[in-house]
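Numbers restart at 1 for each chain; the letters A, B, ... are given by sequence-line order, proteins then strands.
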Protein chains: 2
Amino acid sequence: IISMDKICKSFPVEMGGEQQVLFDITFDVNQGEFVSIMGPSGSGKSTCMNIIGALDTPTSGTYKLYGRDVTHLSPDELAVVRNEYIGFVFQQFNLLSKRSVLDNVMLPLMYRGLPMEERIRRAREMLKRVGLENFESYLPTQLSGGMKQRVAIARALAGDPKLILADEPTGALDSKMGNEILSFFKKLNEEMGITIVMITHEFEIAQYSNRLIHIYDGRITYDGKVPKD
Amino acid sequence: IISMDKICKSFPVEMGGEQQVLFDITFDVNQGEFVSIMGPSGSGKSTCMNIIGALDTPTSGTYKLYGRDVTHLSPDELAVVRNEYIGFVFQQFNLLSKRSVLDNVMLPLMYRGLPMEERIRRAREMLKRVGLENFESYLPTQLSGGMKQRVAIARALAGDPKLILADEPTGALDSKMGNEILSFFKKLNEEMGITIVMITHEFEIAQYSNRLIHIYDGRITYDGKVPKD
Ligand SMILES: Nc1ncnc2c1ncn2[C@@H]1O[C@H](COP(=O)(O)OP(=O)(O)OP(=O)(O)O)[C@@H](O)[C@H]1O
Ligand SMILES: Nc1ncnc2c1ncn2[C@@H]1O[C@H](COP(=O)(O)OP(=O)(O)OP(=O)(O)O)[C@@H](O)[C@H]1O
Ligand SMILES: [Mg+2]
Ligand SMILES: [Mg+2]
């Protein structure tokens with residue numbers, strides 16, 4: 001369902017220069033896989049994830065999502081694809097600071113044509129999953145770092161996505177909470193066949209997945225089983 | 001130098017209610033100590049740190065910093081105390097998005113009356129320490145999550161603080177980078193007697209400190225040696 005072929009990405013930098021950040025990234029992900037992406041800070045993981053999630057376009061190379069060449073879709077068409085298939089947990093959470101926790105979690109459900117009661121029910125179910133059922137009327141500014149992260153996770157899951165893209169979903173969480181959330185991800189993957197691609201820098205968290213891709217200086221340096229050590 | 005006595009903190013919540021978040025927090029930290037604070041997400045660690053850093057005032061109880069009762073200082077006096085003694089690494093980095101990396105790191109030095117060349121020299125030295133010497137003219141929006149965290153660390157250290165307050169300083173960093181930065185913290189603590197209070201949820205990181213305080217539901221449940229396990 002995800003097909004990256006020789007994906008390169010450069011960003012403009014001051015004085016009209018360019019900094020290349022991704023070099024010929026090539027890999028496929030099939031439905032039902034649970035992939036971890038690891039690598040040093042600044043190596044290009046989030047940049048890669050943004051292209052997978054159709055939030056950014058590559059400078060060169062081809063990216064197919066569910067068989068469609070995403071590089072040739074209009075921004076509106078991209079938004080439709082994203083809302084239909086993908087739940088995204090952002091590295092910096094990206095919550096709407098003026099809307100309540102419940103509103104934030106319900107946001108992806110707006111595009112599904114579900115009735116209000118159903119949207120509230122699903123949002124509340126996910127908030128309960130991440131231990132925040134008592135905080136639905138709070139604003140993001142009234143939450144701790146780890147609570148914001150859990151709202152971002154609940155929001156990604158509320159829409160019943162087929163594909164979850166999680167950028168360091170446990171970075172702000174303690175070990176117990178991180179393991180609870182990853183066990184839930186594993187359950188979604190094994191019982192419902194949901195495909196998960198997750199960036200993490202914690203090896204203990206990568207153990208929940210069944211494939212590891214390592215990115216170093218914008219290149220893939222490993223793609224295979226998750227080592228036990 | 002830090003003296004917390006029966007510190008309580010409540011926040012107002014909707015409908016005029018109040019949520020108590022810290023309950024009778026009492027502990028002292030002496031110059032030269034390296035303390036870790038651990039505990040579940042939402043347990044009150046950052047709230048406690050904000051009071052220690054004189055960024056917030058307790059609802060009741062007394063807080064003395066360097067022997068002065070901080071609860072009775074005016075906002076201006078608090079700002080002077082903070083700028084003189086404290087380097088703060090915020091959980092959400094709090095970088096100025098319209099200023100360059102170098103400007104962000106130099107910011108705390110503005111209050112020291114140092115000449116421009118000296119401020120630039122110190123900022124560059126700290127950027128080199130965190131591996132970002134090639135990124136001084138970048139804007140925060142052009143950086144990865146872990147790079148922003150490293151800029152926040154460099155900024156906290158540039159002012160030669162006597163007291164470092166670090167709220168999850170390695171949350172966005174890979175293991176190798178996290179250990180490099182903690183080794184540097186340990187060096188500052190052991191060789192220069194700098195006091196460090198650090199929130200972390202990674203046990204491997206807490207090993208660098210020589211005292212562990214555990215907070216659970218707003219109360220201290222452990223205060224002693226760092227367990228090896
Ligand atoms: N401005 C605020 N208004 C209302 N409640 C708040 C506010 N700031 C924090 N809280 C509440 O205080 C509690 C503790 O928050 P705090 O940020 O100290 O947690 P933490 O231990 O740092 O958690 P984490 O590990 O997730 O960062 C949480 O329940 C949070 O909702
Ligand atoms: N908008 C941008 N403009 C310029 N450079 C950028 C931009 N976004 C990212 N970069 C650069 O791309 C590189 C990779 O960034 P990316 O966010 O993908 O790293 P990462 O692997 O996710 O790191 P981390 O683990 O720290 O989150 C970095 O050197 C960063 O400075
Ligand atoms: Mg990243
Ligand atoms: Mg916190």
Next item on the list: Considering only heavy atoms and a distance below 4.5 Å, find which of B:Ser43, B:Ser46, B:Gly178, B:Pro40 pairs most often with chain A.
Entry: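 Option with the top pair count is B:Pro40.
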Next item on the list: Just give me the residue among B:Ser144, B:Gly171, B:Gly146 that pairs up with chain A most often, heavy atom to heavy atom, under 4.5 Å.
Entry: B:Gly171
Checklist line | Best-contacting candidate, A:Met38, A:Gln149, A:Gln92, against chain B by heavy atom pairs under 4.5 angstrom | finding: A:Gln92
Check: If you count heavy-atom pairs under 4.5 Å between each of A:Phe11, A:Phe93, A:Tyr138 and chain B, which one has the most?
Finding: A:Tyr138
Item checked: Distance, nearest 0.5 Å, that separates CD of A:Glu202 from OG of B:Ser175 -> 9.5 Å
Note to self: Please classify the contact between B:Ser41 and chain A as side chain, backbone, both or neither, with a heavy-atom cut-off of under 4.5 Å.
What the structure shows: both
Next item on the list: Check whether B:Phe135 gets within reach of chain A through its side chain, its backbone, both or neither, counting any heavy atom under 4.5 Å.
Entry: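 Side chain only.
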Note to self: Tell me whether the count of non-hydrogen atoms from other residues, nucleotides or ligands lying under 6.0 Å of OH in A:Tyr222 goes above 12.
What the structure shows: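 Yes, enclosed.
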Next item on the list: Might you confirm whether atom OH of A:Tyr216 has over 12 heavy atoms from other residues, nucleotides or ligands at distances under 6.0 Å?
Entry: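 It does not: A:Tyr216 OH has 12 such atoms or fewer within range.
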Is it the side chain or the backbone of [X] that comes within 4.5 Å of chain B heavy atoms, both, or neither?
X	value
A:Lys148	side chain
A:Thr200	neither
A:Gln19	side chain

Item checked: Closest heavy-atom pair and its distance - B:His201, A:Ala172 -> CE1-C, 3.3 Å
